[in-house]
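Indexing begins at 1, ligand by ligand and atom by atom, following the structure's order.
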Amino acid sequence: MDKFEQTMQNMAKMPLQEGMKTLQEEMDKCMCGQCPTYTNAARASGESFFCGTGKSFRHITTQVNCLCAGCPVKSDLGLKYVSFCMRGSEKTQRYDQTAKKT
Ligand code: SF4
Ligand code: SF4
């Protein structure tokens with residue numbers, strides 16, 4: 001089990017309030033809002049934290065750059081992937097890679 005899987009398991013075991021607080025603390029660190037790929041439409045819709053929520057809902061269609069590799073959430077949660085607004089959440093990209101191997 002890697003860090004991401006362990007972290008997800010630990011968060012699932014937390015009492016609801018503690019889990020929500022931990023999640024909010026990570027969401028507050030999201031750097032998407034400073035990324036050149038991020039759009040005003042995404043901001044107006046309140047989209048961010050794509051590693052957890054998945055692809056942007058049509059508000060981001062072209063990747064200019066990605067700040068995920070330098071985001072503190074990457075090391076906090078043990079994320080392996082990047083470009084979540086275009087490619088889907090960490091869970092989705094993990095699933096896609098596993099599906100490709102089978
Ligand atoms: S890893 Fe990327 S999507 Fe996830 S919180 Fe950081 S900047 Fe946002
Ligand atoms: S997921 Fe990556 S590419 Fe998309 S807005 Fe966030 S930092 Fe930029």
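When all heavy atoms are compared, the tightest approach of M31 to G70 is SD-O, 3.7 Å. G19 approaches M11 most closely through the heavy-atom pair O-CE, 4.2 Å. Looking at every heavy atom in both residues, P36 comes nearest to N65 through CG-CB, 3.8 Å. In terms of heavy-atom proximity, C66 sits nearest to V82 at SG-CB, 4.1 Å.
Within the protein, the number of N/O/S atoms found under 2.8 Å from atom 6 (Fe) of ligand 2 is 1.
Using a 4.0 Å cutoff on heavy atoms, V64 does not count as a contact of ligand 2.
With respect to the salt-bridge test (charged N to carboxylate O, under 4.0 angstrom), the residues K29 and E25 do not qualify.
Of all the atoms in ligand 1, the ones that sit under 4.0 Å from a non-hydrogen atom of L79 are 1 (S). Listed by number with element, the atoms of ligand 2 under 4.0 angstrom from any heavy atom of N65 are 3 (S), 8 (Fe).
Between G33, C51, S89, it is C51 that holds the heavy atom closest to atom 4 (Fe) of ligand 1.
Looking at E90, K3, K74 one by one, the single match for side chain to side chain contact (heavy atoms under 4.5 Å, CB included) with K80 turns out to be E90.
Criterion: ILVMFWY side-chain heavy atoms under 4.5 Å apart, direct or through other members. Under it, I60 and F57 are not part of a common hydrophobic cluster.
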H59 vs T39, side-chain hydrogen bond (donor to acceptor under 3.5 Å, both in side chains): CA-CA, chis, key distance, verdict: CA-CA 7 Å; H59 298 308; T39 62; 5.7 Å; no
